[in-house]
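Everything on this sheet refers to the single structure shown next.
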Protein chains: 2
Amino acid sequence: MTSHEQSLQYLQSLGYRLTPQRLLVLEIVAEGGSHMGVDEVYRQARAAYPYMDLATVYRTLRLFKQVGVVTEVAIGNRLHYELTDPGEKHHHMVCRDCHRAFNLSPHYLEEFRDTLIKEFGFAPDLEHFTVSGDCVDCRAGAAPAAGSTINNADNWENAES
Amino acid sequence: MTSHEQSLQYLQSLGYRLTPQRLLVLEIVAEGGSHMGVDEVYRQARAAYPYMDLATVYRTLRLFKQVGVVTEVAIGNRLHYELTDPGEKHHHMVCRDCHRAFNLSPHYLEEFRDTLIKEFGFAPDLEHFTVSGDCVDCRAGAAPAAGSTINNADNWENAES
DNA sequence: TATGTTATCGCCAATGTTTGCATTAACTGG
DNA sequence: CCAGTTAATGCAAACATTGGCGATAACATA
């Protein structure tokens, strides 16, 4: 059984229905690998199933995010999604200049989470956590890496040390 | 000289022009006290100067945020702004259930910032930092405080300990 | 397998926010 | 104080995302 099928069974176990549209969106996000823009998911879905509606894509991704199947990252002011890897969860640092995203190990936030819970009873939603800021290259004034468009998989580097 | 005037002089020193619209928006945000929704700023601005355009309000607030005059907080999916108090900077925790916002002392993030810079050369933009999550009351299943609308100043509590 | 219930879909309109562009008005230097 | 330069405005249209609603199809039950 593939991991998509597991995710779909999980959805079903929560009482959500298993529709072809959901299967399709899940496959696309899974295949996409790195963070996919909504428009790209929509384009691919529509290619496979011409009746697919944009609103359905948004609703499906929101649902997936809600149940933890995908992770949402806001880049610039657009939403992007990647399959949540249960073994390799990570947060994101997004550069506000070049808009590249870097992965951040959860380890760096554990202490922060504990503090908020203990001090304020506030349970932060770190599943969907993203910090924006300035990355090394942009701080150095270096030109961003070639072809730095949001949907270019090369922009997604791994910053775990 | 009031602090608004200082802010405006600062804008001017950066090469931005000092327009009546900017003065107006700044005054409104300053008077508003707690976090103001864009629509509310727009309504008040339009009342004082009927030609005021929504786009101008957005552009002005974005500029103010960029230069650090105001702080932006995303609540639900709307943008809110408050005057940046240079002496009393703070971050925000927003409850995704009741949508109340709580202030968070910068102290809790200093270590996190240092780590990111040291390990990855990534300088996080904590001026505009917000964590979403579940607040004490909502976690306890308690009904949110009476009159919990976003623009109600009473919702803005101070969580500094 | 047939049937009923109701979640989900596709379509369309509304929302919140951003952008393009011609006009206006802040600043600059004479 | 006047004229030139150019940033900022107002307007309208674009864009990204969300919501309402009737029709459809997924699941449960028999």
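In the text below, chain A, chain B and the rest are named by the order of the sequence lines, each starting its count at 1.
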Report which part of the nucleic acid B:Tyr51 touches: base, sugar-phosphate, or nothing (heavy-atom distance under 4.0 Å, all strands).
sugar-phosphate
May I ask you to say what B:Tyr42 touches in the nucleic acid, namely base, sugar-phosphate or nothing, with a heavy-atom cut-off under 4.0 Å?
nothing
Relative to the 5' end of DNA chain D, which residue comes earlier, A:Gln21 or A:Leu54, by the nucleotide with the nearest heavy atom?
A:Leu54
Just to be sure I understand the rule, does A:Pro50 reach a base, reach only the sugar-phosphate, or reach nothing, if contact means heavy atoms closer than 4.0 Å?
nothing
Under a single-linkage definition using a 4.5 Å side-chain heavy-atom cutoff for Ile, Leu, Val, Met, Phe, Trp and Tyr, are A:Ile117 and A:Phe122 assigned to the same hydrophobic cluster?
no
Tell me whether the side-chain N/O atoms of A:Tyr58 come closer than 4.0 Å to OP1 or OP2 in D:dT17.
yes
Check whether the ring centres of A:Phe120 and B:Tyr108 lie less than 6.0 Å apart, and answer yes or no.
yes
Salt bridge or not for B:Arg100 and B:Asp137, using N-O below 4.0 Å?
yes
Both B:Arg62 and A:Thr19 contact DNA chain C. Which one's nearest nucleotide lies toward the 5' end?
A:Thr19
Can you tell me how the ring of A:His90 sits relative to the ring of A:His92, calling it parallel under 30°, perpendicular over 60° and tilted otherwise?
perpendicular
Just checking A:Leu18: base, sugar-phosphate only, or nothing, at a heavy-atom cut-off of under 4.0 Å?
sugar-phosphate
Return whichever of A:Asn77 or A:Arg17 has its heavy-atom-nearest nucleotide of DNA chain D closer to the 5' end.
A:Asn77
Closer to the 5' end of DNA chain C via nearest nucleotide, is it B:Pro20 or A:Thr60?
A:Thr60
How would you label the contact of B:Arg59 with the nucleic acid (heavy atoms, under 4.0 Å): base, sugar-phosphate, or nothing?
base
Looking across every strand, which nucleic acid part, if any, lies under 4.0 Å from A:Leu79 by heavy atom: base, sugar-phosphate, or nothing?
sugar-phosphate
